[in-house]
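Note on naming: letters A, B, ... go to the chains in the order of the sequence lines (proteins, then strands), and numbering restarts at 1 for each one. Note that the coordinates shown come from a computational prediction; the quantities given were computed from them, not determined experimentally.
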2 protein chains.
Amino acid sequence: MAAPKSKPLASRARNATASRSAILDHAIAEFAKQGIAGARTAAIADAAGVNKALLYYYFKNKESLYSAALREVFSGLVEDALPMLQSELSPGEKVLRFARVHFEYLVNHPDYPRLIHQELSRACITGEPSSDFRAISASHFVPLQRAGLKAVQDGIASGEFRKIEGASVLTNIVGMNVFYFVSAPIARIVRGIDPFSPVCIRDHVATALDFIGASLFNDRKHGIALARKIAAAPALPRKQPSSSKNSKVCSNKNVRFRS
Amino acid sequence: MAAPKSKPLASRARNATASRSAILDHAIAEFAKQGIAGARTAAIADAAGVNKALLYYYFKNKESLYSAALREVFSGLVEDALPMLQSELSPGEKVLRFARVHFEYLVNHPDYPRLIHQELSRACITGEPSSDFRAISASHFVPLQRAGLKAVQDGIASGEFRKIEGASVLTNIVGMNVFYFVSAPIARIVRGIDPFSPVCIRDHVATALDFIGASLFNDRKHGIALARKIAAAPALPRKQPSSSKNSKVCSNKNVRFRS
DNA sequence: CTAAACTAACTAACCAGTTAGTTAATTATG
DNA sequence: CATAATTAACTAACTGGTTAGTTAGTTTAG
């Protein structure tokens with residue numbers, strides 16, 4: 001099926017904010033699918049409903065658009081997860097809630113794991129990640145890793161968790177969640193399910209948290225019960241897509257938009 | 001660092017098998033990094049040490065080379081894992097051994113998860129995987145999934161395993177293994193480790209199998225002990241890189257090589 | 001001598017990015 | 001308040017370089 005396209009300029013008023021957002025949203029999707037080398041600026045412009053030259057009005061070049069795309073998708077997870085990891089909740093609740101928050105972030109941002117993967121593949125080309133990715137890692141992944149690792153270590157110290165290698169818990173949780181979505185095409189073929197359907201999503205939350213709770217806690221029954229409780233909590237409200245943020249037409253005079 | 005290159009033709013005798021293998025090996029690496037759209041046929045030829053036209057002597061076009069690359073990397077996992085899953089081992093041993101065999105396959109084929117990722121990203125473009133990928137899924141993933149699911153269900157039926165959702169166990173195992181490697185650039189930045197180093201690899205085998213064993217078995221102590229035993233078993237011999245298979249120079253007359 | 005394996009040079013299409021505008025919205029002026 | 005001037009947002013057409021793939025051979029092996 002064709003990717004959703006934005007309303008072309010011909011049928012809507014000029015709006016710099018809306019145009020820039022439309023370009024960025026479609027850039028995220030195109031870069032997530034094709035990587036920066038394979039992505040086509042014409043495809044981004046077409047999907048955004050604007051002329052290709054407008055990409056260069058808002059962004060210096062393809063590379064700058066890509067950097068803006070990375071920053072856009074990575075900014076949300078820390079906001080969603082870090083406050084909870086730094087709260088007064090028990091280590092067990094923190095780790096299980098993180099698993100769920102992270103999973104729901106992926107539900108709401110399906111391009112996120114793909115874009116990360118494209119950037120990680122690109123890291124293999126140069127032997128190291130781009131300076132953009134390094135900066136993003138420093139500002140996003142490092143705080144998450146630190147807070148998450150602290151929660152695991154606190155759990156081990158208090159006896160709530162078994163004595164295990166803390167950092168790998170986080171990697172395993174993230175790996176299970178990311179792979180669930182990334183492997184959606186395989187799941188459709190091999191298992192005949194749609195991993196993005198609400199029922200499958202609810203089931204994954206339940207089974208993933210159960211798997212983690214059963215593995216991690218000294219008191220396995222407590223871990224399983226806590227996992228079930230956190231899995232059953234009401235879903236977080238779905239984040240609004242960024243392109244509908246600025247639905248009210250407004251003047252953009254003297255506002256700096258170019259990246 | 002520059003990707004390793006094959007010995008150019010000028011300094012070695014003509015050998016269709018060696019040339020074809022060199023092209024395919026470097027194609028795998030290039031497609032894994034850049035995807036089919038971003039990969040450059042000139043880059044593949046340069047790395048293989050041949051002229052670009054030779055790609056078209058052995059493969060119809062870029063798309064055919066890509067299909068051959070997919071078939072090449074996917075053929076090995078089934079060979080490695082399926083006989084063990086269909087053996088008379090206990091369900092617990094089967095599942096834990098699968099986790100290890102799969103992990104070691106990824107150690108020996110670092111391009112495998114990246115190539116799958118590129119193909120899965122590509123599936124998002126068209127809304128469904130390519131017919132090549134469908135065929136590969138049918139011949140590789142479906143048998144693995146069936147055998148693995150049967151092992152899990154046997155374990156549940158016999159009481160060795162807890163009552164859990166079988167298919168997600170396999171997805172979780174594969175997800176933890178794949179993500180471990182795919183996230184290597186992040187791990188280097190955030191954790192200051194090299195996930196490909198022998199000590200980290202040994203540690204991941206141990207912690208991943210422990211995580212699985214602690215979660216899955218009714219008798220947790222037994223599960224953890226079995227996980228430790230299987231993790232500590234000697235490593236499987238490393239598979240020889242395909243480009244060195246045909247080190248003996250031989251005639252290729254009348255052998256059909258073109259894909 | 002023949003055929004397979006291989007290459008240098010080439011072609012047409014594609015691509016990121018630019019140019020030279022046009023158009024819509026805003027601001028200044030009488 | 002109406003109009004002119006200005007500016008920001010936008011586009012059609014273009015450019016020079018890149019790309020997949022081809023052609024017309026040459027070289028090597030049997």
Figure out the CD1/C1' separation between A/Ile44 and C/dG17, and round it to whole Å. 13 Å
Charged N-O contact under 4.0 Å between A/Glu119 and A/Arg71: no
Does any N or O in the side chain of A/Ser67 come within less than 3.5 Å of the main-chain N or O of A/Glu63, such that one atom is a donor and the other an acceptor? yes
B/Asp46 CG to D/dT19 P: how many Å, rounded? 11 Å
Starting from P on C/dA16, measure out to CG on A/Leu55 and report it in whole angstrom. 10 Å
How long is the line joining CZ of A/Phe59 and P of D/dA9, in whole Å? 13 Å
Which parts of nucleotides 8-15 of chain C does protein reach within less than 4.0 Å, heavy atoms only, written one letter per nucleotide 5' to 3' as B for base, S for sugar-phosphate only and - for none? B------S
Hey, does the side chain of B/Tyr56 come within less than 4.0 Å of D/dT23's phosphate (OP1/OP2), counting only N and O? no
Shortest non-hydrogen pair, A/Asn51 vs A/Ala45, comes out as C-CB, 4.0 Å
Let me know the distance between CG of B/Asn15 and P of C/dA5, rounded to the nearest Å. 9 Å
For the pair made of CG in A/Leu54 and C1' in C/dT18, what is the distance, rounded to whole Å? 14 Å
Please give, in whole Å, the distance from D/dG21 P to B/Tyr58 OH? 18 Å
Which atom names give the shortest non-hydrogen contact between B/His140 and B/Phe74, and what distance separates them? CD2-O, 3.1 Å
Backbone of A/Ala47 reached by a side-chain donor or acceptor of A/His26 within 3.5 Å: yes
From CG of A/Leu65 over to C1' of C/dG17, roughly how many Å is that when rounded to an integer? 13 Å
Apply the test ring pair (Phe, Tyr, Trp, His ring centres under 6.0 Å) to residues A/Phe181 and A/Phe196: give CA-CA distance (whole Å), side-chain angles for both, the deciding distance (0.1 Å), then the verdict. CA-CA 8 Å; A/Phe181 290 111; A/Phe196 283 91; 5.1 Å; yes
